[in-house]
Amino acid sequence: MIHTKRDFSSCSVCLAKAQRNIKEKANEQRPQPSKGGAKSIVIPRKIERSSTAILEALASTVRADANQPMYMDIDDPHLLSTADRLKKNHMAAKDSGRKAAQTMLALYPDYFTQIWEEPLPETLNSPFEGYKYQEASEAALIERIQKRQVKDAIEVYKSCKASDYPLSQESQEQLLELLTVFNSKEPDRSSALSNFINPSFALSSPFPACTWEKGNLAEQVYNSLPEKTPTAYCLLLRGMAANFDKEGALTLYNEMKVANVPVDVSTYNKLLSLASLDAASMDEITQTLESILQDMKAAGVQPNVGTFNCALSNCRRISKWTGARKYALSLVAEMKACGLEPELSTFYELMHIFYYVRDKSSKTPELFENILDYMDGKEYTLSSENDALFFRNAMKVIATFFPDSKLALKLHRILKFGQNSKALGHRQLVFTYYKELLSVVTPLEHTDVVMDLYQSIAPYIFLPSSDTYRLILENIEMHDTHHYLPQLFADLFWTSQFKDTEMLGPFVHAMATQKHSQELQQQFSDITSTLLESWEQNRERRDNIGLDGSVIGDMILIYINNNEPKKAMSAFRLYLDDKSLHQAEPGVESLTKLTEHSIAVKDYKSTGELLTMMLSTDSSNVPGLVEQVLKSTELSDQERNYLQGLAQEASSESSSSDSDSD
């Protein structure tokens, strides 16, 4: 259609009229201001946020995957820490670097300028930096107390006393606290990372010996106080109880009762933990516990979870005594009546009481199952050292008394809920927990379940040992799930486990048991070629992979199953040429299949070599293979005579073996 000038002008008029109508309708629908005037605009209060609030919000939208290498090593696979030994070495190097940085900051402070507003964290403070106050004074004493320098604090205190320098009540109580916490000895200076790498285990004797010395410096400081405050009483009593001085602690406690000195809940808890020491009977223990608990009630001191945990620790010491387990359950019931929720340390105590791993008598899982049902779907925080021991101990109980994969997976699900994984503890606890978990789950569950678990922890959280990997290989063969083998190879190839023939042999054998789909079989062939290339490149090294004749035989089967006879023959030639591989011989099946191929391609020289080798291993297949070769018309008389001799020798060996068996 052809538009005229008049048509366009009429359209523009219609468009203007339509726009005017739209504006009028919008004005009609717009809310009119009230008679009292326009509504006031309310500006919301500003929400104070941290400088990293945006980053925190972004981080909350993604899920952190703990099974990842450290970011500093991610670009170089050769530096990735997979084995537990390598993790230990890398963390030790990191700890040494921190110590070196502390030393450099202390020795050369002028060379470093601080360009941020916040002060350096205490972890970077070095013990080499010295003290601000050198002369004996109250300020010098407080400085050494804050730095936890017990020996130097004692020297300053003695100097002040010798020179009659006045010390305040507060500073002397701070010194008393330092002495009671560390038992008047210098504390361990190892870092948190060092403790994670090489944790120091205290002797967990059920009845520990007293380590508190009568009349030590802590008692001297207490006796010299201008005023015996409740704080001073409680500090001294807790120091005695922490070092298992039951007699001295009870004597001081009775003195506090006579003097109506208030006792805090932490001191009561320490006192409760001593009830079973030097006790002759269960009745004596229960009387002591109930007497202290009644004193708490009379004083109006509200118990906490630590109160009942300390009481349960006595039942743990005497778990084999009659009535100990029943009394432990009554304590848990009383805890619930007080409105207190059990913590991980509470369940740890119950595990030790009812499922002590050194007690090999039969156990019933009812209580254990009830504990897991109660914990399911709850998040726990660390409040004591025993909290970090629960998951390892619980998994050990499952592996020792009732190896049930359902219970093990349920416990692991509880560990993965929320932030519960932080309660797994130091490096050795992590290693033991996952080792026991896989040892229980792998033989009993389908490979899909096992590999889902494996993929969530390997190789950066936990790398299984050779024994565990062999269990996984057995599981794969049992369920015919060989498609997981390439993934295992990707994790194992960078480790040192393939240098052990007992690990390499079962892995290669699992790939050679049967013929698979073309894609999977090609992957197995590529893996085999990678292993042979690695062995060739590192032939002179001691840490080379553990290749021998038996493994070569399985590699031959892998190549034949993938229709690669040339590679199979190359592997056989490698075995013949290198005597270091003769520690074991290839299997009969691999030699038989390779011989059949040599016959088919009329490679009679290789056929003779293969048949000769088969005579030394298993000669039962030799006569049949010789008959196939003799059908050929291209053999010379010498070759025919040689092959007929092999057949006669094989027949005579088989007949002699039959007569020996008769």
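Keep in mind that what you see is a predicted model, and the values were worked out from it rather than measured.
- Taking the charged nitrogens against the carboxylate oxygens, Glu436 and Arg392 have no contact shorter than 4.0 Å, which rules out a salt bridge.
- Smallest separation of non-hydrogen atoms from Met478 and Pro443: CE-O, 4.4 Å.
- Ion pair Asp467/Lys435 not flagged as a salt bridge, since none of the NZ, NE, NH1 or NH2 atoms sits closer than 4.0 Å to an Asp/Glu carboxylate oxygen.
- For Glu379, the CD atom sits in a packed shell: over 12 heavy atoms of surrounding residues, nucleotides or ligands are nearer than 6.0 Å.
- In this structure, the side chains of Val440 and Leu407 stay at 4.5 Å or more apart for every pair of heavy atoms.
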Inset, instruction - Could you check Asp491 against Tyr469 for side-chain contact (heavy atoms from CB on, under 4.5 Å), going step by step and ending with a plain yes or no? - result: CA-CA 11 Å; Asp491 295 336; Tyr469 269 117; 4.2 Å; yes
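- Using bins of under 30°, 30° to 60° and over 60° for the plane-to-plane angle, the ring pair Tyr348/His352 lands in the perpendicular bin.
- Atom NE2 of His597 is separated from atom CD1 of Ile560 by 7.5 Å, given to the nearest 0.5 angstrom.
- Taking Phe390 as the reference, nothing meets the ring-ring contact (aromatic ring centres under 6.0 Å, His included) condition, with sequence neighbours excluded.
- At most 12 heavy atoms of other shown residues, nucleotides or ligands fall within 6.0 angstrom of atom CD1 in Ile54.
- For the residue pair Tyr484 and Asp448, a side-chain donor N or O sits within less than 3.5 Å of a side-chain acceptor on the partner.
- Scanning for ring-ring contact (aromatic ring centres under 6.0 Å, His included) contacts around Phe354 gives an empty result, with sequence neighbours left out.
- Annotation for Met395 and Leu437: closest pair CE-CD1, 3.6 Å, computed over non-hydrogen atoms.
- Side-chain contact of Asn561 with Gln514: a donor-acceptor pair under 3.5 Å is absent, judged by distance alone.
- Checking side-chain atoms of Thr442 against main-chain N and O of Ser439 turns up no donor-acceptor pair under 3.5 Å.
- Proximity of Thr346 to Glu349: side-chain heavy atoms (C-beta onward) are nowhere separated by under 4.5 Å.
- Checked by atom type, the side-chain pair Glu477/Thr513 shows no donor-acceptor distance below 3.5 Å.
- Few gaps surround CD on Glu56; more than 12 heavy atoms of other groups in view lie less than 6.0 Å from it.
- Summarising the geometry of Leu547 relative to Leu532, their closest heavy-atom pair is CD2-CD2, 4.0 Å, with the distance given to 0.1 Å.
- In this pair, His516 and Phe524 present their aromatic rings perpendicular. The plane angle is above 60°, beyond the 30 to 60° band.
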Inset, instruction - Give the C-alpha distance, both sets of side-chain angles, the deciding distance and a yes or no for side-chain contact (heavy atoms from CB on, under 4.5 Å) between Thr595 and Thr592. - result: CA-CA 5 Å; Thr595 304; Thr592 301; 5.7 Å; no
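- No more than 12 heavy atoms of other residues, nucleotides or ligands shown are found within 6.0 angstrom of NZ on Lys396.
- Atom CG in Asp404 sits 7.5 Å away from atom CD in Glu369 (nearest 0.5 Å).
- Distance check: Asp526 CG to Glu533 CD gives 9.5 Å after rounding to the nearest 0.5 Å.
- Salt bridge Arg470/Glu474: absent, no basic N to carboxylate O contact under 4.0 Å.
- You'll find the ring centres of Phe431 and Phe462 inside the 6.0 Å limit.
- The two residues Ser534 and Asn538 come nearest to each other via the heavy atoms O-ND2, 2.8 Å.
- To the nearest 0.5 angstrom, Leu594 atom CG is 12.0 Å from Glu589 atom CD.
- Looking at heavy atoms from C-beta onward, Gln521 lies out of side-chain contact with Asn563 at the 4.5 angstrom threshold.
- With hydrogens and angles left out, the side-chain atoms of Glu366 and Thr364 include a donor and acceptor closer than 3.5 Å.
- By the 4.5 Å heavy-atom criterion applied to side chains, Leu581 and Trp535 are counted as neighbours.
- Between Tyr433 and His412, the side chains place a donor N or O and an acceptor N or O closer than 3.5 Å (distance only, hydrogens not considered).
- Contact annotation: the side chain of Leu520 approaches that of Pro486 to within less than 4.5 Å [non-hydrogen atoms, C-beta and beyond].
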Legend entry - Verdict with supporting geometry, Val508 and Met555, side-chain contact (heavy atoms from CB on, under 4.5 Å): CA-CA 7 Å; Val508 177; Met555 289 179 170; 3.9 Å; yes
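- Across Ser529, Ser570, Ser525, a single residue satisfies side chain to side chain donor-acceptor pair (under 3.5 Å) together with Tyr559, and that is Ser529.
- Between Leu411 atom CG and Lys406 atom NZ the span is 15.0 Å, to the nearest 0.5 Å.
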Inset, instruction - Decide side-chain contact (heavy atoms from CB on, under 4.5 Å) for Phe417 and Asp376; before the verdict, give the C-alpha distance in whole Å, the side-chain angles of both, and the deciding distance to 0.1 Å. - result: CA-CA 8 Å; Phe417 183 81; Asp376 199 6; over 6 Å; no
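- The nearest pair of heavy atoms linking Ala510 to Leu473 is CB-CD2, 4.5 Å.
- Annotation: side chain of Leu504 is in contact with side chain of Leu531 (closest heavy-atom distance under 4.5 Å).
- Although no hydrogens or angles enter the test, the distance criterion places a donor-acceptor pair under 3.5 Å between the side chain of Ser60 and the main chain of Ala57.
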Inset, instruction - Take Thr447 and Asn475 through the test side chain to side chain donor-acceptor pair (under 3.5 Å) and record every step on the way to the result. - result: CA-CA 6 Å; Thr447 315; Asn475 184 289; 2.5 Å; yes
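- Side-chain atoms of Tyr356 and Met351, non-hydrogen and from C-beta on, never get closer than 4.5 Å to each other.
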Inset, instruction - Determine, step by step, whether Ser580 and Asp578 satisfy the side chain to side chain donor-acceptor pair (under 3.5 Å) criterion, reporting the C-alpha distance in whole Å, the side-chain angles of both residues, the deciding distance to 0.1 Å, and the verdict. - result: CA-CA 5 Å; Ser580 64; Asp578 197 312; 2.3 Å; yes
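- Residue Gln497 holds its CD atom at 7.0 Å from OG of Ser465, rounded to the nearest 0.5 Å.
- Looking at heavy atoms from C-beta onward, Met451 lies in side-chain contact with Gln487 at the 4.5 angstrom threshold.
- Side-chain atoms of Ser345 and Asp387 include a donor-acceptor pair closer than 3.5 Å.
- When all heavy atoms are compared, the tightest approach of Tyr355 to Phe368 is OH-N, 3.2 Å.
- Ala584 is linked by a side chain to side chain contact (heavy atoms under 4.5 Å, CB included) to Asp548, Ser550, counting only residues two or more places apart in sequence or in another chain.
- Checking Tyr454 against Tyr434 by side-chain atom types alone, no donor-acceptor pair falls below 3.5 Å.
- For the residue pair Gln522 / Asn562, a side-chain donor-acceptor distance below 3.5 Å is found, with atom types taken as modelled.
- Other residues, nucleotides and ligands contribute over 12 non-hydrogen atoms within 6.0 Å of the NZ atom of Lys410.
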